[in-house]
K.L.:
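Structure incoming, see below.
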Amino acid sequence: MASALSSSTAVLFLSTLLLLILFFISHNLTLNQTQLTIHSYSYSLTNISTNNNNNTTITSIPIPSTSHDIIQNIDHNYSSTTTPPNVSLASFLSPSSSLHPNTTNNNFQTAKKIVNSRSDKIEYDLAQARAAIHEAIVTKSFKSDKNESFIPRGSAYRNAYAFHQSHIEMVKRFKVWSYKEGEAPVFHMAPVNNIYAIEGHFMDEIESEKSGFRARNAEEAHMFFLPLSVVNIISYVYNPILTKADYSRDRLCRLVYDYIHVVANKYPFWNKSTGADHFMLSCHDWAPEISHGKPQFLNNFIRVLCNANISEGFQPKRDVSLPEINLRVGTLGPPNVGLSPRKRTTLAFFAGRAHGYIRHVLFEHWKDKDDEVRVHEKLPIGQNYSKLLAQSKFCLCPSGYEVASPRVVEAINAGCVPVIISDNYSLPFNDVLNWNTFSINIPTSKIPEIKNILKKVPIKEYLKMYRRVLLVKKHFVLNRPAQPFDVIHMVLHSIWLRRLNFKFGNVNNI
(Lines give C-alpha, C1' and ligand atoms only; values in the text may rest on other atoms or scores of the structure.)
Protein backbone atom coordinates (compact mmCIF):
# COMPACT_ATOMS: atom_id res chain seq x y z
CA MET A 1 0.00 0.00 0.00
CA ALA A 2 2.80 2.37 0.99
CA SER A 3 4.75 1.38 -2.11
CA ALA A 4 1.78 2.12 -4.37
CA LEU A 5 1.25 5.47 -2.68
CA SER A 6 4.92 6.28 -3.11
CA SER A 7 4.74 5.40 -6.81
CA SER A 8 1.64 7.58 -7.28
CA THR A 9 3.37 10.47 -5.55
CA ALA A 10 6.41 10.07 -7.76
CA VAL A 11 4.27 10.00 -10.91
CA LEU A 12 2.37 13.08 -9.78
CA PHE A 13 5.63 14.88 -9.01
CA LEU A 14 7.13 13.99 -12.41
CA SER A 15 3.94 15.04 -14.21
CA THR A 16 3.90 18.38 -12.41
CA LEU A 17 7.57 18.89 -13.17
CA LEU A 18 6.99 18.07 -16.85
CA LEU A 19 4.11 20.56 -17.06
CA LEU A 20 6.25 23.27 -15.48
CA ILE A 21 9.04 22.59 -17.99
CA LEU A 22 6.59 22.70 -20.91
CA PHE A 23 5.10 25.97 -19.61
CA PHE A 24 8.56 27.48 -19.23
CA ILE A 25 9.55 26.53 -22.78
CA SER A 26 6.31 27.70 -24.38
CA HIS A 27 6.26 30.91 -22.36
CA ASN A 28 9.81 31.85 -23.28
CA LEU A 29 9.24 30.84 -26.90
CA THR A 30 6.30 33.22 -27.07
CA LEU A 31 8.21 36.07 -25.47
CA ASN A 32 11.16 35.69 -27.81
CA GLN A 33 8.73 35.88 -30.68
CA THR A 34 7.02 38.98 -29.33
CA GLN A 35 10.13 41.13 -29.13
CA LEU A 36 9.46 44.34 -31.01
CA THR A 37 11.04 45.36 -34.26
CA ILE A 38 10.17 48.64 -35.90
CA HIS A 39 11.33 49.96 -39.28
CA SER A 40 13.27 48.05 -41.93
CA TYR A 41 16.49 47.72 -39.95
CA SER A 42 17.00 45.30 -37.07
CA TYR A 43 17.34 46.35 -33.46
CA SER A 44 17.55 44.82 -30.02
CA LEU A 45 14.96 44.89 -27.28
CA THR A 46 16.72 46.26 -24.24
CA ASN A 47 16.50 44.69 -20.82
CA ILE A 48 17.17 46.78 -17.72
CA SER A 49 17.67 45.06 -14.38
CA THR A 50 18.90 46.05 -10.94
CA ASN A 51 20.95 43.82 -8.67
CA ASN A 52 20.99 43.68 -4.87
CA ASN A 53 23.44 46.57 -4.74
CA ASN A 54 21.04 48.78 -6.73
CA ASN A 55 23.41 48.79 -9.71
CA THR A 56 21.53 49.03 -12.97
CA THR A 57 22.30 46.38 -15.57
CA ILE A 58 21.13 46.74 -19.15
CA THR A 59 20.93 43.78 -21.47
CA SER A 60 20.41 44.03 -25.21
CA ILE A 61 18.48 41.12 -26.67
CA PRO A 62 19.31 40.67 -30.37
CA ILE A 63 16.34 40.30 -32.68
CA PRO A 64 16.83 37.46 -35.22
CA SER A 65 16.59 38.53 -38.85
CA THR A 66 14.40 35.58 -39.92
CA SER A 67 11.76 33.35 -38.40
CA HIS A 68 14.23 30.44 -38.61
CA ASP A 69 16.74 32.42 -36.56
CA ILE A 70 14.09 33.03 -33.90
CA ILE A 71 13.60 29.30 -33.38
CA GLN A 72 17.36 28.67 -33.39
CA ASN A 73 18.00 31.41 -30.84
CA ILE A 74 15.40 30.42 -28.25
CA ASP A 75 18.04 28.96 -25.94
CA HIS A 76 20.61 31.68 -26.60
CA ASN A 77 22.39 32.73 -23.39
CA TYR A 78 22.20 36.51 -23.26
CA SER A 79 25.11 38.19 -21.52
CA SER A 80 24.78 41.27 -19.36
CA THR A 81 26.37 44.56 -20.16
CA THR A 82 26.55 47.89 -18.38
CA THR A 83 26.28 49.95 -21.55
CA PRO A 84 23.27 52.28 -21.91
CA PRO A 85 20.11 50.77 -23.37
CA ASN A 86 19.77 50.87 -27.13
CA VAL A 87 16.19 52.10 -27.08
CA SER A 88 15.86 51.70 -30.80
CA LEU A 89 13.29 51.09 -33.50
CA ALA A 90 13.45 48.48 -36.23
CA SER A 91 11.17 46.52 -38.58
CA PHE A 92 8.17 45.89 -36.33
CA LEU A 93 6.06 48.37 -38.30
CA SER A 94 7.48 47.44 -41.69
CA PRO A 95 5.61 45.22 -44.15
CA SER A 96 7.85 42.25 -43.29
CA SER A 97 8.02 40.82 -39.80
CA SER A 98 10.58 38.50 -38.24
CA LEU A 99 7.80 36.63 -36.44
CA HIS A 100 7.25 33.07 -37.59
CA PRO A 101 4.25 33.16 -40.01
CA ASN A 102 2.47 30.29 -38.26
CA THR A 103 2.91 31.68 -34.78
CA THR A 104 0.40 33.72 -32.80
CA ASN A 105 0.28 34.71 -29.17
CA ASN A 106 -2.02 31.84 -28.15
CA ASN A 107 0.56 30.38 -25.79
CA PHE A 108 0.98 33.78 -24.25
CA GLN A 109 -2.74 34.27 -23.82
CA THR A 110 -3.21 30.93 -22.06
CA ALA A 111 -0.17 31.29 -19.84
CA LYS A 112 -0.93 32.22 -16.26
CA LYS A 113 1.66 34.11 -14.29
CA ILE A 114 1.56 35.54 -10.81
CA VAL A 115 2.98 39.07 -10.79
CA ASN A 116 3.41 40.92 -7.53
CA SER A 117 5.79 43.84 -7.91
CA ARG A 118 5.05 47.08 -9.74
CA SER A 119 7.69 46.29 -12.34
CA ASP A 120 6.35 42.79 -12.95
CA LYS A 121 2.81 44.05 -13.44
CA ILE A 122 3.89 46.75 -15.88
CA GLU A 123 6.22 44.45 -17.82
CA TYR A 124 3.56 41.75 -17.99
CA ASP A 125 1.13 44.35 -19.36
CA LEU A 126 3.67 45.47 -21.99
CA ALA A 127 4.42 41.87 -22.94
CA GLN A 128 0.72 41.37 -23.65
CA ALA A 129 0.77 44.47 -25.86
CA ARG A 130 3.81 43.24 -27.78
CA ALA A 131 2.14 39.88 -28.36
CA ALA A 132 -1.07 41.51 -29.62
CA ILE A 133 0.86 43.70 -32.04
CA HIS A 134 2.79 40.78 -33.45
CA GLU A 135 -0.39 38.78 -33.87
CA ALA A 136 -1.84 41.70 -35.85
CA ILE A 137 1.21 41.62 -38.13
CA VAL A 138 0.83 37.89 -38.76
CA THR A 139 -2.95 37.77 -39.17
CA LYS A 140 -3.23 41.16 -40.90
CA SER A 141 -6.15 42.07 -38.70
CA PHE A 142 -6.83 43.82 -35.42
CA LYS A 143 -8.56 43.13 -32.13
CA SER A 144 -10.36 45.80 -30.18
CA ASP A 145 -12.85 45.94 -27.33
CA LYS A 146 -14.75 48.76 -29.02
CA ASN A 147 -15.76 49.97 -32.46
CA GLU A 148 -12.87 51.63 -34.27
CA SER A 149 -13.81 54.94 -35.89
CA PHE A 150 -10.66 54.97 -38.02
CA ILE A 151 -8.78 52.02 -39.54
CA PRO A 152 -5.38 52.98 -40.99
CA ARG A 153 -4.65 51.24 -44.27
CA GLY A 154 -2.47 51.81 -47.32
CA SER A 155 1.11 52.51 -48.29
CA ALA A 156 1.26 55.75 -46.30
CA TYR A 157 1.96 53.48 -43.31
CA ARG A 158 5.00 51.28 -42.85
CA ASN A 159 2.72 48.55 -41.53
CA ALA A 160 -0.89 49.63 -41.05
CA TYR A 161 -1.90 46.50 -39.11
CA ALA A 162 0.92 46.86 -36.60
CA PHE A 163 0.29 50.58 -36.20
CA HIS A 164 -3.44 50.12 -35.69
CA GLN A 165 -3.05 47.40 -33.06
CA SER A 166 -0.27 49.34 -31.35
CA HIS A 167 -2.54 52.38 -31.11
CA ILE A 168 -5.34 50.20 -29.70
CA GLU A 169 -2.98 48.78 -27.07
CA MET A 170 -1.69 52.27 -26.22
CA VAL A 171 -5.18 53.68 -25.62
CA LYS A 172 -6.05 50.60 -23.57
CA ARG A 173 -2.93 50.48 -21.39
CA PHE A 174 -0.55 53.44 -21.58
CA LYS A 175 -0.20 55.59 -18.46
CA VAL A 176 2.03 58.63 -17.98
CA TRP A 177 2.91 60.20 -14.66
CA SER A 178 3.67 63.91 -14.72
CA TYR A 179 5.79 64.83 -11.72
CA LYS A 180 4.04 67.28 -9.41
CA GLU A 181 7.19 69.04 -8.24
CA GLY A 182 7.96 72.55 -9.53
CA GLU A 183 5.94 75.73 -9.82
CA ALA A 184 4.57 77.76 -12.71
CA PRO A 185 5.55 79.43 -14.95
CA VAL A 186 8.72 77.35 -15.42
CA PHE A 187 6.92 74.08 -14.64
CA HIS A 188 3.37 72.91 -15.41
CA MET A 189 2.84 75.82 -17.79
CA ALA A 190 3.83 76.35 -21.42
CA PRO A 191 2.76 78.38 -24.49
CA VAL A 192 -0.41 77.37 -26.33
CA ASN A 193 -0.03 79.84 -29.21
CA ASN A 194 2.44 80.56 -32.01
CA ILE A 195 5.24 78.19 -33.05
CA TYR A 196 5.72 76.70 -29.57
CA ALA A 197 2.04 75.88 -29.12
CA ILE A 198 2.37 72.08 -29.19
CA GLU A 199 4.43 72.30 -25.99
CA GLY A 200 1.63 73.83 -23.93
CA HIS A 201 -1.19 71.79 -25.42
CA PHE A 202 0.60 68.51 -24.77
CA MET A 203 1.37 69.50 -21.19
CA ASP A 204 -2.22 70.59 -20.55
CA GLU A 205 -3.55 67.38 -22.05
CA ILE A 206 -1.30 64.98 -20.15
CA GLU A 207 -1.90 66.75 -16.82
CA SER A 208 -5.68 66.98 -17.29
CA GLU A 209 -7.71 64.83 -14.92
CA LYS A 210 -9.90 63.94 -17.92
CA SER A 211 -7.01 62.42 -19.87
CA GLY A 212 -7.15 58.65 -20.21
CA PHE A 213 -3.35 58.57 -20.31
CA ARG A 214 -2.91 60.31 -16.96
CA ALA A 215 -1.68 57.86 -14.33
CA ARG A 216 -3.67 57.96 -11.10
CA ASN A 217 -0.45 57.38 -9.19
CA ALA A 218 3.22 57.02 -10.06
CA GLU A 219 3.21 53.29 -9.35
CA GLU A 220 1.02 52.50 -12.36
CA ALA A 221 2.94 54.65 -14.84
CA HIS A 222 4.77 53.26 -17.85
CA MET A 223 6.51 56.60 -18.49
CA PHE A 224 7.37 59.69 -16.46
CA PHE A 225 7.04 63.24 -17.80
CA LEU A 226 9.22 66.15 -16.69
CA PRO A 227 6.70 69.04 -16.98
CA LEU A 228 9.19 71.82 -17.66
CA SER A 229 8.94 74.48 -20.37
CA VAL A 230 12.18 75.46 -22.07
CA VAL A 231 10.33 78.41 -23.63
CA ASN A 232 9.30 79.72 -20.21
CA ILE A 233 12.72 79.05 -18.71
CA ILE A 234 14.22 81.34 -21.34
CA SER A 235 11.41 83.90 -20.97
CA TYR A 236 11.62 84.13 -17.19
CA VAL A 237 14.99 82.80 -16.00
CA TYR A 238 17.08 84.38 -18.78
CA ASN A 239 15.59 87.86 -18.62
CA PRO A 240 17.17 90.30 -18.93
CA ILE A 241 19.81 89.28 -21.49
CA LEU A 242 22.37 92.08 -21.47
CA THR A 243 25.56 90.49 -22.77
CA LYS A 244 26.58 87.64 -25.06
CA ALA A 245 27.54 85.60 -22.01
CA ASP A 246 23.91 85.71 -20.87
CA TYR A 247 23.06 83.36 -23.75
CA SER A 248 25.04 80.57 -22.11
CA ARG A 249 23.01 77.38 -21.76
CA ASP A 250 24.49 76.68 -18.33
CA ARG A 251 21.49 77.99 -16.43
CA LEU A 252 19.10 75.90 -18.54
CA CYS A 253 21.15 72.75 -18.01
CA ARG A 254 21.55 73.32 -14.27
CA LEU A 255 17.83 73.87 -13.81
CA VAL A 256 17.00 70.62 -15.61
CA TYR A 257 19.67 68.66 -13.72
CA ASP A 258 18.50 70.07 -10.39
CA TYR A 259 14.91 69.08 -11.14
CA ILE A 260 15.96 65.55 -12.05
CA HIS A 261 17.97 65.27 -8.84
CA VAL A 262 14.92 66.37 -6.83
CA VAL A 263 12.63 63.71 -8.30
CA ALA A 264 15.39 61.08 -8.31
CA ASN A 265 16.01 61.60 -4.59
CA LYS A 266 12.30 61.62 -3.77
CA TYR A 267 11.17 58.68 -5.95
CA PRO A 268 12.85 55.43 -7.10
CA PHE A 269 11.85 55.62 -10.76
CA TRP A 270 14.70 57.59 -12.34
CA ASN A 271 17.41 55.55 -10.64
CA LYS A 272 15.71 52.27 -11.51
CA SER A 273 15.83 52.95 -15.27
CA THR A 274 18.66 55.53 -15.38
CA GLY A 275 16.09 57.79 -17.04
CA ALA A 276 15.10 55.45 -19.88
CA ASP A 277 11.40 55.72 -19.00
CA HIS A 278 11.49 59.50 -18.53
CA PHE A 279 10.90 62.19 -21.14
CA MET A 280 10.62 65.92 -21.71
CA LEU A 281 8.96 67.78 -24.58
CA SER A 282 9.91 71.09 -26.17
CA CYS A 283 9.75 73.00 -29.45
CA HIS A 284 12.41 75.56 -28.54
CA ASP A 285 15.68 75.62 -30.45
CA TRP A 286 17.69 75.39 -27.23
CA ALA A 287 15.96 72.26 -25.96
CA PRO A 288 18.42 69.70 -27.45
CA GLU A 289 21.25 71.36 -25.55
CA ILE A 290 20.01 70.32 -22.12
CA SER A 291 21.92 67.08 -22.51
CA HIS A 292 25.17 68.63 -23.73
CA GLY A 293 26.48 69.49 -20.26
CA LYS A 294 26.22 65.96 -18.84
CA PRO A 295 25.63 63.63 -21.79
CA GLN A 296 26.23 60.43 -19.77
CA PHE A 297 23.77 61.51 -17.09
CA LEU A 298 21.01 61.92 -19.70
CA ASN A 299 22.18 59.17 -22.03
CA ASN A 300 18.93 57.20 -21.78
CA PHE A 301 16.56 60.14 -21.28
CA ILE A 302 14.00 60.60 -24.08
CA ARG A 303 13.84 64.07 -25.60
CA VAL A 304 10.70 64.91 -27.57
CA LEU A 305 11.90 67.73 -29.82
CA CYS A 306 10.85 69.86 -32.77
CA ASN A 307 14.52 70.50 -33.45
CA ALA A 308 15.15 66.88 -34.47
CA ASN A 309 18.54 67.42 -36.08
CA ILE A 310 20.52 64.19 -36.36
CA SER A 311 23.78 66.07 -36.90
CA GLU A 312 23.30 67.85 -33.55
CA GLY A 313 22.79 64.79 -31.37
CA PHE A 314 19.17 63.85 -32.01
CA GLN A 315 18.92 60.06 -31.84
CA PRO A 316 15.89 58.69 -33.76
CA LYS A 317 16.13 55.36 -31.95
CA ARG A 318 15.71 57.05 -28.58
CA ASP A 319 14.37 60.59 -29.07
CA VAL A 320 11.03 61.61 -30.59
CA SER A 321 10.54 64.10 -33.42
CA LEU A 322 7.79 66.59 -32.60
CA PRO A 323 5.86 68.38 -35.37
CA GLU A 324 6.02 72.15 -35.18
CA ILE A 325 2.57 73.75 -35.35
CA ASN A 326 2.02 77.49 -35.57
CA LEU A 327 -1.27 78.37 -33.87
CA ARG A 328 -2.90 81.76 -33.91
CA VAL A 329 -4.47 82.95 -30.69
CA GLY A 330 -7.79 81.24 -30.04
CA THR A 331 -7.35 78.55 -32.74
CA LEU A 332 -6.31 74.90 -32.84
CA GLY A 333 -5.09 75.05 -36.42
CA PRO A 334 -5.20 76.88 -39.73
CA PRO A 335 -8.42 77.17 -41.75
CA ASN A 336 -9.40 74.16 -43.85
CA VAL A 337 -9.25 75.68 -47.34
CA GLY A 338 -7.70 72.92 -49.46
CA LEU A 339 -8.81 72.72 -53.11
CA SER A 340 -9.18 69.72 -55.40
CA PRO A 341 -6.19 68.82 -57.63
CA ARG A 342 -7.90 70.30 -60.70
CA LYS A 343 -8.09 73.70 -59.04
CA ARG A 344 -4.45 73.71 -57.92
CA THR A 345 -2.93 75.90 -60.61
CA THR A 346 0.41 76.67 -58.93
CA LEU A 347 3.18 74.08 -59.22
CA ALA A 348 5.05 75.02 -56.01
CA PHE A 349 4.82 77.72 -53.35
CA PHE A 350 6.76 79.12 -50.40
CA ALA A 351 6.61 82.34 -48.45
CA GLY A 352 8.73 83.11 -45.41
CA ARG A 353 11.70 84.94 -44.03
CA ALA A 354 15.32 84.36 -45.00
CA HIS A 355 16.16 82.32 -41.93
CA GLY A 356 19.20 80.10 -42.30
CA TYR A 357 21.48 78.94 -45.10
CA ILE A 358 18.93 76.76 -46.93
CA ARG A 359 16.45 79.60 -47.39
CA HIS A 360 19.20 81.92 -48.60
CA VAL A 361 20.01 79.37 -51.32
CA LEU A 362 16.31 79.00 -52.14
CA PHE A 363 15.86 82.77 -52.46
CA GLU A 364 18.99 83.11 -54.54
CA HIS A 365 17.56 80.82 -57.21
CA TRP A 366 13.80 81.31 -56.98
CA LYS A 367 12.73 84.42 -55.09
CA ASP A 368 10.16 86.32 -57.20
CA LYS A 369 11.61 84.79 -60.39
CA ASP A 370 9.09 82.20 -61.61
CA ASP A 371 5.32 82.05 -62.07
CA GLU A 372 5.15 78.29 -61.51
CA VAL A 373 7.56 78.05 -58.58
CA ARG A 374 6.35 80.95 -56.47
CA VAL A 375 8.87 81.83 -53.77
CA HIS A 376 8.42 85.03 -51.78
CA GLU A 377 10.05 86.57 -48.76
CA LYS A 378 7.05 88.86 -48.47
CA LEU A 379 3.71 88.15 -50.09
CA PRO A 380 2.56 90.61 -52.76
CA ILE A 381 -0.17 92.96 -51.58
CA GLY A 382 -3.59 91.37 -51.78
CA GLN A 383 -2.31 87.78 -51.66
CA ASN A 384 -3.56 85.39 -48.96
CA TYR A 385 -1.10 82.85 -47.55
CA SER A 386 -3.66 80.11 -46.78
CA LYS A 387 -5.28 80.43 -50.20
CA LEU A 388 -1.92 80.19 -51.95
CA LEU A 389 -1.21 76.97 -50.05
CA ALA A 390 -4.62 75.64 -51.04
CA GLN A 391 -4.12 76.28 -54.75
CA SER A 392 -0.60 74.79 -54.94
CA LYS A 393 0.24 71.20 -55.86
CA PHE A 394 3.53 71.18 -53.97
CA CYS A 395 4.48 73.25 -50.93
CA LEU A 396 8.16 73.93 -50.33
CA CYS A 397 9.20 73.28 -46.71
CA PRO A 398 12.78 74.53 -46.32
CA SER A 399 14.44 74.49 -42.92
CA GLY A 400 15.09 77.82 -41.26
CA TYR A 401 17.67 78.38 -38.56
CA GLU A 402 16.74 74.90 -37.32
CA VAL A 403 15.61 71.81 -39.21
CA ALA A 404 11.93 71.88 -38.16
CA SER A 405 9.41 74.22 -39.72
CA PRO A 406 5.64 74.69 -39.28
CA ARG A 407 5.46 74.67 -43.11
CA VAL A 408 5.24 70.85 -43.10
CA VAL A 409 2.06 70.75 -41.03
CA GLU A 410 0.64 73.75 -42.91
CA ALA A 411 1.19 71.96 -46.22
CA ILE A 412 -0.45 68.73 -45.07
CA ASN A 413 -3.41 70.60 -43.61
CA ALA A 414 -3.91 72.37 -46.98
CA GLY A 415 -3.76 69.10 -48.94
CA CYS A 416 -0.50 70.26 -50.53
CA VAL A 417 2.24 67.67 -51.08
CA PRO A 418 5.18 68.69 -48.83
CA VAL A 419 8.58 69.15 -50.44
CA ILE A 420 11.09 68.70 -47.63
CA ILE A 421 14.24 70.76 -48.19
CA SER A 422 16.39 69.99 -45.20
CA ASP A 423 19.58 68.29 -44.12
CA ASN A 424 19.64 65.78 -41.24
CA TYR A 425 15.97 66.24 -40.29
CA SER A 426 14.32 63.25 -38.62
CA LEU A 427 10.68 63.63 -39.68
CA PRO A 428 7.82 63.30 -37.17
CA PHE A 429 6.15 59.89 -36.72
CA ASN A 430 8.66 58.29 -39.06
CA ASP A 431 8.26 55.06 -37.06
CA VAL A 432 4.83 54.49 -38.58
CA LEU A 433 4.44 56.91 -41.50
CA ASN A 434 6.10 56.20 -44.82
CA TRP A 435 6.96 59.79 -45.77
CA ASN A 436 8.29 58.76 -49.18
CA THR A 437 4.74 57.98 -50.31
CA PHE A 438 3.24 61.42 -49.62
CA SER A 439 6.14 63.87 -49.70
CA ILE A 440 9.20 64.67 -51.79
CA ASN A 441 12.65 65.18 -50.35
CA ILE A 442 14.96 67.53 -52.22
CA PRO A 443 18.52 67.93 -50.89
CA THR A 444 19.97 71.41 -50.59
CA SER A 445 22.32 70.76 -53.50
CA LYS A 446 19.31 70.20 -55.79
CA ILE A 447 17.52 73.49 -55.02
CA PRO A 448 18.33 74.92 -58.50
CA GLU A 449 16.55 71.89 -60.00
CA ILE A 450 13.29 72.18 -58.03
CA LYS A 451 11.14 73.00 -61.06
CA ASN A 452 12.50 70.17 -63.20
CA ILE A 453 12.18 67.66 -60.35
CA LEU A 454 8.56 68.53 -59.63
CA LYS A 455 7.54 68.69 -63.29
CA LYS A 456 8.85 65.16 -63.79
CA VAL A 457 6.40 63.76 -61.22
CA PRO A 458 3.73 61.91 -63.29
CA ILE A 459 0.17 63.14 -62.79
CA LYS A 460 -0.92 59.68 -61.58
CA GLU A 461 1.84 59.64 -58.97
CA TYR A 462 0.97 63.18 -57.86
CA LEU A 463 -2.70 62.19 -57.40
CA LYS A 464 -1.67 59.20 -55.29
CA MET A 465 0.50 61.44 -53.13
CA TYR A 466 -2.32 63.98 -52.83
CA ARG A 467 -4.73 61.29 -51.59
CA ARG A 468 -2.17 60.04 -49.08
CA VAL A 469 -1.67 63.58 -47.78
CA LEU A 470 -5.40 63.77 -47.12
CA LEU A 471 -5.19 60.40 -45.34
CA VAL A 472 -2.35 61.33 -42.97
CA LYS A 473 -3.76 64.80 -42.33
CA LYS A 474 -5.68 63.33 -39.39
CA HIS A 475 -2.37 62.65 -37.63
CA PHE A 476 -1.33 66.32 -37.66
CA VAL A 477 -4.60 67.81 -36.42
CA LEU A 478 -4.70 69.17 -32.87
CA ASN A 479 -7.83 68.44 -30.84
CA ARG A 480 -8.69 69.37 -27.27
CA PRO A 481 -9.40 67.03 -25.70
CA ALA A 482 -7.19 64.75 -27.75
CA GLN A 483 -8.82 62.22 -30.05
CA PRO A 484 -7.61 58.87 -31.43
CA PHE A 485 -4.91 59.18 -34.09
CA ASP A 486 -4.62 62.99 -33.81
CA VAL A 487 -1.31 64.76 -33.27
CA ILE A 488 -1.25 64.37 -29.47
CA HIS A 489 -2.09 60.67 -29.78
CA MET A 490 0.66 60.34 -32.39
CA VAL A 491 3.23 61.99 -30.11
CA LEU A 492 2.17 59.70 -27.27
CA HIS A 493 2.36 56.73 -29.62
CA SER A 494 5.96 57.59 -30.50
CA ILE A 495 6.77 57.63 -26.78
CA TRP A 496 4.79 54.41 -26.25
CA LEU A 497 6.85 52.65 -28.93
CA ARG A 498 10.08 53.55 -27.17
CA ARG A 499 8.71 52.18 -23.90
CA LEU A 500 7.82 48.94 -25.65
CA ASN A 501 11.43 48.66 -26.74
CA PHE A 502 12.92 47.93 -23.34
CA LYS A 503 11.99 45.98 -20.25
CA PHE A 504 13.02 45.78 -16.62
CA GLY A 505 14.05 42.67 -14.72
CA ASN A 506 15.24 39.25 -15.78
CA VAL A 507 14.65 38.61 -19.49
CA ASN A 508 13.27 35.14 -18.81
CA ASN A 509 10.92 36.15 -16.02
CA ILE A 510 8.25 37.76 -18.19
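Everything numeric in this text was worked out from a predicted model, so none of it was measured. Both backbone and side-chain heavy atoms feed into the values below; hydrogens, waters and symmetry mates do not. FYI, the numbering just counts along the sequence from 1.
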K.L.:
Strictly under 6.0 Å, is that where the ring centroids of Trp286 and Tyr238 end up?
P.N.:
yes
K.L.:
List for me each residue that meets side chain to side chain contact (heavy atoms under 4.5 Å, CB included) alongside Leu471, sequence neighbours excluded, and say none if there are none.
P.N.:
Phe150, Ala156, Tyr157
K.L.:
For Cys397, which residues count as a disulfide bond (SG atoms under 2.5 Å apart) partner, sequence neighbours excluded?
P.N.:
none
K.L.:
Which residues satisfy the ring pair (Phe, Tyr, Trp, His ring centres under 6.0 Å) test with Tyr466, sequence neighbours excluded?
P.N.:
none
K.L.:
For residues 342-388, which residue pairs qualify under disulfide (SG to SG under 2.5 Å), counting only residues two or more places apart or in two chains?
P.N.:
none
K.L.:
Give the table of side-chain donor-acceptor pairs shorter than 3.5 Å for residues 454-463, with sequence neighbours excluded, one pair per line with atom names and distance.
P.N.:
residue : atom : partner : partner atom : Å
Lys455  : NZ   : Glu372  : OE2          : 3.0

K.L.:
Could you tell me which residues satisfy side chain to side chain contact (heavy atoms under 4.5 Å, CB included) with Pro185, sequence neighbours excluded, listed by chain and number?
P.N.:
Met189, Asn232, Tyr236
K.L.:
Checking Lys367 now: which residues fulfil salt bridge (Lys or Arg N to Asp or Glu O under 4.0 Å) with it, not counting sequence neighbours?
P.N.:
Glu377
K.L.:
Listing request: all ring pair (Phe, Tyr, Trp, His ring centres under 6.0 Å) pairs with a residue in residues 298-322, at least two apart in sequence or in separate chains.
P.N.:
Trp270-Phe301
K.L.:
List the residues meeting side chain to side chain contact (heavy atoms under 4.5 Å, CB included) with Ala482, not counting sequence neighbours, and say none if there are none.
P.N.:
Glu205, Asp486, Ile488, His489
K.L.:
Test of understanding: with side chain to side chain contact (heavy atoms under 4.5 Å, CB included), list the residues that count as partners of Ser141, not counting sequence neighbours.
P.N.:
Thr139
K.L.:
In chain order, what residues pass the ring pair (Phe, Tyr, Trp, His ring centres under 6.0 Å) check against Phe225, with sequence neighbours excluded?
P.N.:
Phe202, Phe279
K.L.:
Taking the six-membered ring of Phe174 as reference, does the NZ or CZ atom of Arg499 fall below 6.0 Å from its centre and within a 45° cone about the axis?
P.N.:
no
K.L.:
Enumerate donor-acceptor pairs with a distance under 3.5 Å from any side-chain N or O in residues 345-361 to protein atoms, sequence neighbours excluded.
P.N.:
residue : atom : partner : partner atom : Å
Arg359  : NE   : Ser399  : O            : 3.4
Arg359  : NH1  : Arg353  : O            : 3.1
His360  : NE2  : Ala354  : O            : 3.4

